[in-house]
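Reviewing the structure listed below.
Convention: sequence-line order gives letters A, B, ...; per-chain numbering from 1. No hydrogens, no waters, no symmetry mates; every other heavy atom, side chains included, goes into these values. Quantities reported herein were computed from a predicted structural model and do not represent experimental measurements.
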Amino acid sequence: MINFADMDYLSTLNAEQLAAVKNTEGPTMVIAGAGSGKTRVLTYRIAHLIRNGIDAFNILALTFTNKAAREMKNRIGQIIGDSEAKNVTMGTFHSVFARILRNHSQKLGYPSNFTIYDTQDSKSLLKAIIKELNLDDKTYKPALVYGRISSAKNNLISAAGYEANTDIIAEDRMSAKPRLFEIYKAYEKRCFMAGAMDFDDLLFKTNVLLRDHPDVLHYYQHKFKYILVDEYQDTNYSQYLIVKKLAAVYMNLCVVGDDAQSIYSFRGANIENILNFKNDYPDYKVFKLEQNYRSTKNIVEAANSVIAKNKDQIQKTVWTDNVEGNRIKVVRTLTDNEEGKVVTNLIYETKQNEQANNSDFAILYRTNAQSRSFEEALRKINLPYKIYGGLSFYQRKEIKDLIAYFRLAANPNDEEALKRVINYPKRGIGESSFEKVIIAANHYAVSLWDVISKPGEYPTDIPSGAMNKISAFVTTIESYQVQLNKIDAFELAQTISKSSGILKELYDDKSPEGVSRYENIQALLAGIKEFTENVGENEVGYLSDFMIDVALLTDADNEKDENKDKISLMTIHASKGLEFPFVYVVGLEENLFPSQMALHSRPELEEERRLFYVALTRAEKQATLTYATSRYRYGNVITSEPSRFIEEIDEMHLEVANPTRGSGVSLNQYGLERRINKTKEPLFTTRKNLKKIVTENDEVNEITPSDLTDIKVGYNVKHERYGKGKVVGLEGTPPMKATVFFPQVGNKQLLLKFAKLEILD
DNA sequence: CTTGCAATGACTGAT
DNA sequence: TCATTGCAAG
């Protein structure tokens with residue numbers, strides 16, 4: 001390993017990078033193109049601060065993943081020494097502020113052992129609430145409700161604020177979901193009763209904490225004299241405001257990002273945060289890193305030609321001094337299975353020709369479900385691979401089940417954990433009894449645990465047989481609780497896994513899946529053992545410490561050495577920040593990439609395009625794009641057409657390499673026959689049967705809103721999103737609400753006050 | 001209360 | 001295709 005400590009680290013930076021590193025005081029924005037050495041700038045900037053006498057304790061660095069934080073900390077440690085580096089507060093927004101919240105949770109009425117609900121927990125709770133309110137779960141789909149609540153929270157709108165917001169209420173009424181606010185209210189209350197925060201709460205409650213407790217705000221404002229935020233383009237309003245508040249005193253705020261790589265608007269990310277930086281900090285300095293050190297000219301220029309199609313962006317010119325390199329390969333296959341084989345063969349071939357390692361290759365796709373055909377093909381020719389994302393270790397059922405017992409030991413009010421294990425393993429406490437517990441808890445306005453642990457105080461009409469079983473369960477959990485801070489995490493975890501019956505339940509299942517579940521439990525226990533052994537001397541690692549951010553861990557966080565030389569398979573979202581010599585972007589088909597969900601508006605389509613930009617710019621030496629003309633979806637075959645994104649690449653950077661087919665036994669050795677661009681065959685089939693919902697230029701459904709005071713039933717109208725339609729019903733005098741039939745989407749209720757409609761006749 | 005089978009609907013993306 | 005849900009019978 002290189003010893004950076006002896007090296008003049010600043011000499012390895014280019015002029016612009018160096019300027020960004022040295023401008024330590026005052027608001028700073030770094031616009032960093034793909035592959036421009038952004039991480040180096042962040043790393044060296046922090047090292048530089050510490051070298052110049054700033055206490056590491058006073059530095060806060062917010063990264064996009066915990067893995068990125070760990071790696072950066074290691075690199076800083078190499079420059080200035082680990083003992084200093086470890087004092088920097090570094091991590092994701094969620095993990096940093098979860099820890100801060102634990103220190104102050106009583107101020108918000110939460111226990112310090114509050115539970116963090118993951119997405120599954122949140123949706124499960126919402127589902128229960130929807131049922132309790134007697135609402136139809138087809139209209140109020142938990143996933144949709146979750147999204148709605150999530151985006152409210154990310155914009156710092158509480159349940160009360162939601163109910164009071166006339167725009168939102170009107171919107172919900174228009175989309176025929178007028179009772180969303182009730183669900184939100186119940187959800188908020190139930191989370192609180194359970195001592196639980198969901199992912200969005202970690203940011204929301206941090207805002208509340210900083211808003212309502214000036215002493216706390218003051219403390220952190222002065223602790224974090226220097227603040228750095230990576231991937232600033234992907235922060236949402238809630239995160240933006242936390243940063244703004246913390247930086248308000250010293251204003252030593254450095255944000256780093258690239259608007260062209262903003263791909264998380266579905267999570268509430270707001271590009272505006274980057275665009276508005278100059279408004280919040282008028283005397284800011286901006287540095288643009290435009291030289292790409294990662295990729296060949298072909299890749300950089302191809303990516304530039306694609307992103308140029310977006311309207312919303314900060315002007316910059318990414319360029320490179322690197323070699324020209326190969327053109328981008330485009331490969332068509334007949335089916336998704338063939339796509340798997342062809343990509344696998346190409347990897348095999350490249351590996352031989354270039355003497356490359358498995359870890360030099362990545363297969364990137366739009367959706368997790370696409371991984372299957374590649375896994376099968378790779379397994380067939382024995383190439384080792386690793387899938388990132390998808391179901392992470394901590395989301396497996398058996399792991400969540402055992403962790404649910406841990407959660408109950410730490411916080412018995414945790415409703416979702418209770419629901420999971422009150423009858424697992426089976427102990428005769430069925431659904432009807434559990435429902436009675438919920439009804440009682442709502443009635444007495446206490447937690448579920450209060451009801452079952454104090455039956456004398458909160459009588460229910462649960463039959464005595466079931467009640468006895470419940471009491472036995474309560475006693476079991478209580479016995480775990482008393483041990484929580486007495487014995488170490490491993491001992492307690494072992495006790496729980498045995499006495500809860502989980503270990504036996506899985507041990508008795510001799511099916512291959514059962515065996516693997518048992519092994520997973522053992523792996524979790526081994527992980528906990530490791531945890532207890534690694535806490536400092538004279539300290540005990542308790543289970544509650546281990547639990548602190550289990551909910552925030554992802555696969556990338558517990559990468560093991562055994563995954564070293566493997567081909568990486570992941571979604572493009574998961575590939576952000578990574579780089580590989582050889583990248584295969586697969587499934588480049590209309591309605592898949594760009595996703596059909598994103599065809600409704602220009603901003604959504606532009607985000608898909610940025611996603612494609614991210615995919616391309618992961619590649620160092622060679623990028624290959626593939627698409628299949630048919631693929632399986634929901635078990636049936638659908639035909640598909642090549643993605644518009646392929647066509648958007650300047651043709652001079654493309655090379656088309658299509659496999660032959662037909663009666664052929666042997667396609668050539670690699671299943672490929674090469675053609676240069678000058679082929680007679682049209683590169684891409686025309687797209688005339690593509691539904692023109694909205695094309696890229698938003699002119700198509702552009703409308704001139706008409707005066708709607710004398711709108712009549714039967715009028716033909718045009719809506720900017722739904723296109724042409726006919727008025728089939730009106731309510732109120734003068735008309736307030738119209739029912740309009742749109743051929744594409746069916747009947748829609750529109751409030752005339754808000755809906756922009758053009759009357760066509 | 002549990003089990004087993006038939007019917008159903010889901011595929012963006014992830015802290 | 002796969003996982004979850006609903007329903008009938010034990």
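A salt bridge links A:Glu231 to A:Lys38: at least one charged side-chain nitrogen sits closer than 4.0 Å to a carboxylate oxygen.
A:Lys153 is linked by a salt bridge (charged side-chain N to carboxylate O under 4.0 Å, His left out) to A:Asp198, A:Asp201, counting only residues two or more places apart in sequence or in another chain.
Picking from B:dG13, B:dC11, B:dA14 the nucleotide with the shortest atom distance to the side chain of A:Glu607 gives B:dG13. Looking at the side chain of A:Phe266, the nearest of the listed nucleotides B:dA14, B:dT2, B:dA10 is B:dA14. Side-chain proximity of A:Thr92 to B:dA10, B:dG9, B:dT15: nearest is B:dT15. Distance from the side chain of A:Phe199 is smallest for B:dT15 among the nucleotides B:dT15, B:dA10, B:dA14. When distances are taken from the side chain of A:Thr571 to each of B:dG13, B:dC1, C:dT1, the shortest belongs to B:dG13. Proximity note for A:Tyr146 (side chain, C-beta onward) versus B:dG13, C:dT1, B:dT15: the nearest is B:dT15. The side chain of A:His94 lies closest to B:dT15, out of B:dG13, B:dT15, C:dT1. Each of B:dA10, B:dT15, B:dG9 was ranked by its minimum atom distance to the side chain of A:Thr119; first place goes to B:dT15. Residue A:Arg633 has its side chain nearest to B:dC11 when only B:dC11, B:dT15, B:dG13 are considered.
At a threshold of 4.0 angstrom between heavy atoms, the contacts of A:Asp200 with the nucleic acid are absent. Across all strands, A:Asp118 comes closer than 4.0 Å to no nucleic acid atom at all (heavy-atom distances). Counting any heavy atom pair closer than 4.0 Å across all strands shown, A:Phe593 reaches no nucleic acid atom. A:Lys397 comes within 4.0 angstrom of nothing in the nucleic acid, heavy atoms only.
The residue among A:Lys426 and A:Phe93 whose nearest nucleotide of DNA chain B is located toward the 5' end is A:Lys426.
A:Ile116 places its CD1 atom 19 Å from the P atom of B:dA14, with the value rounded to the nearest Å.
Between A:Tyr110 and A:Phe114, the angle of the ring planes goes over 60°, which puts this pair in the perpendicular group of the 30/60° scheme.
Just one residue in the list A:Gln233, A:Arg610, A:Glu607 forms a side-chain hydrogen bond (donor to acceptor under 3.5 Å, both in side chains) with A:Ser265, and that residue is A:Glu607.
Between the side chains of A:Ser373 and A:Asp336, no donor-acceptor pair is found at a separation under 3.5 Å.
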